[in-house]
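Every chain is numbered from 1 and lettered A, B, ... according to where its sequence line falls, protein lines coming before strand lines. Just so you know, these numbers use all the heavy atoms, side chains as well, and skip hydrogens, waters and symmetry mates.
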Amino acid sequence: MELSAKYNPSETEDKWYAYWLEHKFFHSEPDGREPYTIVIPPPNVTGILHMGHVLNNTLNDVLVRKARMDGKNACWVPGTDHASIATENKVVAKLRAEGIEKENLTREEFLKYAWEWKEKHGGIILSQLRKLGASCDWDRTKFTMDPELSEAVINTFVYFYKKGYIYRGIRMVNWDPVGHTAVSDEEVVHRDTVSKFYHLRYFISDGNGNPTDKYIIIATTRPETIMADAAVCINPEDERYHWLKGKKVLIPLINKEIPIIEDSYVEMGFGTGCLKVTPAHDVNDYEIGIRHNLPVVDIIDDHGRLNEKAQILVGEDRFDARHKIEGMLREAGNLEKLEDYTSPVGYSERTNAVIEPRLSMQWFLKMDALAKEALESVESGKVKLIPDKYRNTYRHWMENVKDWCISRQLWWGQRIPAYYLPDGRFVVESTPEAALEAAKKINPDITAADLKQDEDVLDTWFSSWLWPISVFDPEKPGHPEHRPNADLAYYYPTSDLVTGPDILFFWVARMIMAGNEFMKDIPFRNVYLTGIVRDKLGRKMSKTLGNSPDPLDLIDKYGADAVRLGMLLCSSAGNDILYDEAQIEQGRNFCNKIWNAYRLVSGWKTDDDAVQPQASAVAVRWFGNKLSLVLGQVEDHFSKFRISDALMTIYKFFWDDFCSWYLEAVKPAYNTGIDRATYAATTGYFEALLKMIHPVMPFITEELWQAMEPRMAGETIMLQRYPTAGECDNTLIGDFENACEAVAGVRNIRQQKNISPKEPLTLKVRTGFPEWTVPVIEKLANVNVVIAEFSGEKASGVTFMVKTHEMFVPLTGLVNAEEEMAKLLSVIEYQEKFLESVRKKLSNEKFVNGAPEKVVAMERKKEADSIAKIEAARASLKALKGE
RNA sequence: GGGAGCAUAGCUCAGUUGGUUCAGAGCGUCUGCCUUACAAGCAGAGGGUCGGGGGUUCGACUCCCUCUGCUCCCACCA
């Protein structure tokens, strides 16, 4: 077979993925083996693959494939998340583009559109993951709104309600005026935002609602809310304003009379020291309002517009209103001055709308008991966070957690199973039938038609926190006494979870809570937290910046293996990765390197009569030992989740040790056959290497493994056992490294003296050098090695050191004595300084007595080595001088 | 405002209880090569007072203090 000089991924990737699917290699069923389980962080059902997904799912896949090759029963459960607010927004936007407003639709009509959208776009991302090579058990694909998973969510709600953890109440919540829903504290991101600080004059009332000529100045960033003011507050200690006590002031423009109150919350040094209190639209003001029994005037509606209670600017958007009221206040003489002002403003994570603090009736889940236990799970080490530094963050959050607002004013999601009686009382049951039964206990006359179900749906995270349980057994959550389920018993707890730190609290912490509550066990043992993918300037990838490449384009251009390697190359756990297309190119180059190594080996013809050359025998012996050494290192890296280290170790082993040294050492001369022993060893090593690389680069390794020799139908590299480390002789490996250094030394001389690699040279070494490696040196350096003394002839050649072994290349007529002497002098100078520092240490009694014996012995060896080097250099110098 | 973390080669980062000749890797750079697997390649080379200062120690990239610079998280938008 004639192979092209370049690897072509597009010809192989789809073929092998189809082959893997056809033979159901990804599918897992419980059996006697040790399970290895990962649940996918479910991407949004309508999402498309971005670079963050690529990083995350590549890591997942590497872990799963490695575990599978280690003989474990590996199961990676895929699925998608209904992402209520994000998806509902997309559907609303799409309908709007078609001229349909959500407000004009019934809940049922809207949900029909939403499901259509989901059917059309849902799962695109899952098919994109296939392109990446993800070895998910697709037969187990789940969606958080699958009927049985939704049922689990409802049962969970009922469970916690009956346990007394869920309550309903009017609270100040984070209102998203674009999504028209409350969002949890965790879904609000604060960003410093430039705005204006408005200094407003509030005139003192004469007692009859008329302004006097006296006024106070109040600084606010939100002049559009003044109509909702319930009071003006001063600090009781603030002598500047004692004259105000008991007085009333008038709200500008609407001339509404409000009292002056005193509360130590007000900081005298901030602003003007006078605070307008707007209980309906500010969390702190709300607290003050409660303390002082102030009325709550809510002047902003669901959409962020002023309502009729505002009296003026009714129907205007809050930001338009802010702009307009500025002019009105100026005209009315109430605007003292304007300042630029930067302050943190809360934005909705999903819609990027400025959050409006707003009072509303919501459902909450009590968190204290759940958080306490979830904190313990991590503190005790039962759940390990990787990297460990996130434990601090985790602890801080768990110790300061507030109750979780779980209701959302949306339609796309699991509807809250609370049913209201006409008198306003309600029952919470998992089905309408059960609700009716419960309602009849309150009022026997109630009929099904009288019961009205709550309009809200549950926060998406209220379903995804069940994910590690519900993908295996949706009946379990909320049913502590439920019947056993073989899948859940086998796969739970899952092994590792790979996800981003941005959802440590949203998702990870809450899964731990749900696991503890329903399984009395943690949901996973290790949480590997990836970094955020940034561009090479360190900016987050975003649509608006346009700095995020489409992973599918990259896969088309470079191949999935290259993309996978590129993403993993410099991604250590918890560190952001700076994406640079050059890394993907490096991945592609590595594919090409593997491909060409295969081209070389596959072109060899075995010759039964050929005797194994000595150089080959040496190389085979060395490489076997090195393989063991490297496998040990790789295993160690994997066990510590140092994926990029494992990868780099394998990368260098293949490129440097295998290609540059081993293959060059055993490569037969042109048009010459290769002996059987060397060929067998080489293909064995190559196969081991392909297996080592497979978890990271599944496609090319399958392609070459299949091509190496005829395979049975249904055979695959992905189910081969990962090679394991055997014994390794470190002395032998060290000897070979010395040989490599000797080769490099000769090559260096060739370059400096401009001697062609084709011109044979002589290399003289003294006895003591490990002679067994000589054949390799001779072959790779194109030298004739002579073991002999050479002190007398140093002037007519070049010497160099390999460790403490002095080597000599006779080069009559090519030696520049001045240059050589200068080199030697600098060596002597360096070594003398070094020797001095070593001797200083050794003459220090505290060191000799205090340091471990091993360390002292090492210092003595340094001393001896240094002396040897100095002596050798001096001898050479003497020879050059002709002494 | 509170908390956490980071600072090592031009770039991205390792450096695992303070002690192997420990100052490293990859990429990039420079030099020489179209050598019959690979120029997406081969061979060789250069490059850092480990952010500044102080301390502990026989010994500090590693531990402590301090300064400077950066990042992230949390936090009620006067």
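B:C70 sits 14 Å from B:U8 when the P atoms are compared, rounded to a whole Å. Here, B:G52 and B:U35 have their P atoms 48 Å apart, quoted to the whole Å. The gap from the C1' atom of B:C33 to that of B:A23 amounts to 32 Å, rounded to the nearest Å. Nucleotides B:U66 and B:U29, compared at atom P, are 43 Å apart to the nearest Å. Taking the P atom of each, B:A60 and B:G18 are spaced 13 Å apart, rounded to whole Å.
Here A:Y265 lies in heavy-atom contact (under 4.0 Å) with a base. A:F590 comes within contact range of no nucleotide atom at all, as no heavy-atom separation falls under 4.0 Å. Nucleic acid contact for A:T272: none, since no nucleic acid atom lies under 4.0 Å from a heavy atom of the residue. Residue A:K593 is classed as a base contact, given a heavy-atom separation below 4.0 Å to a base. In this structure, A:C233 reaches neither bases nor backbone, as no heavy-atom distance under 4.0 Å exists between it and the strands shown. Among the heavy atoms of the strands lying under 4.0 Å from A:N748 are primed sugar atoms or P, OP1, OP2 only; no base atom is included.
A distance of 8.0 Å separates CZ of A:R222 from CG of A:D282, quoted to the nearest 0.5 Å.
Put simply, A:R588 has no side-chain N or O that comes within less than 4.0 Å of OP1 or OP2 on B:A40. Contact annotation: A:S602 side-chain N/O to B:A37 OP1/OP2 distance is not under 4.0 Å. The phosphate of B:C42 has OP1 or OP2 within less than 4.0 Å of a side-chain N or O from A:W655.
Nearest-nucleotide positions on RNA chain B place A:S866 closer to the 5' end than the other of A:L600 and A:S866. Across the interface with RNA chain B, nearest-nucleotide mapping of A:Q751 and A:V188 shows A:Q751 to be the residue nearer the 5′ end.
Side-chain N/O atoms of A:S866 and A:Q831 include a donor and acceptor closer than 3.5 Å.
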May I have the step-by-step check of ring-ring contact (aromatic ring centres under 6.0 Å, His included) for A:Y662 and A:F658, ending in yes or no? CA-CA 5 Å; A:Y662 177 82; A:F658 187 61; 5.6 Å; yes
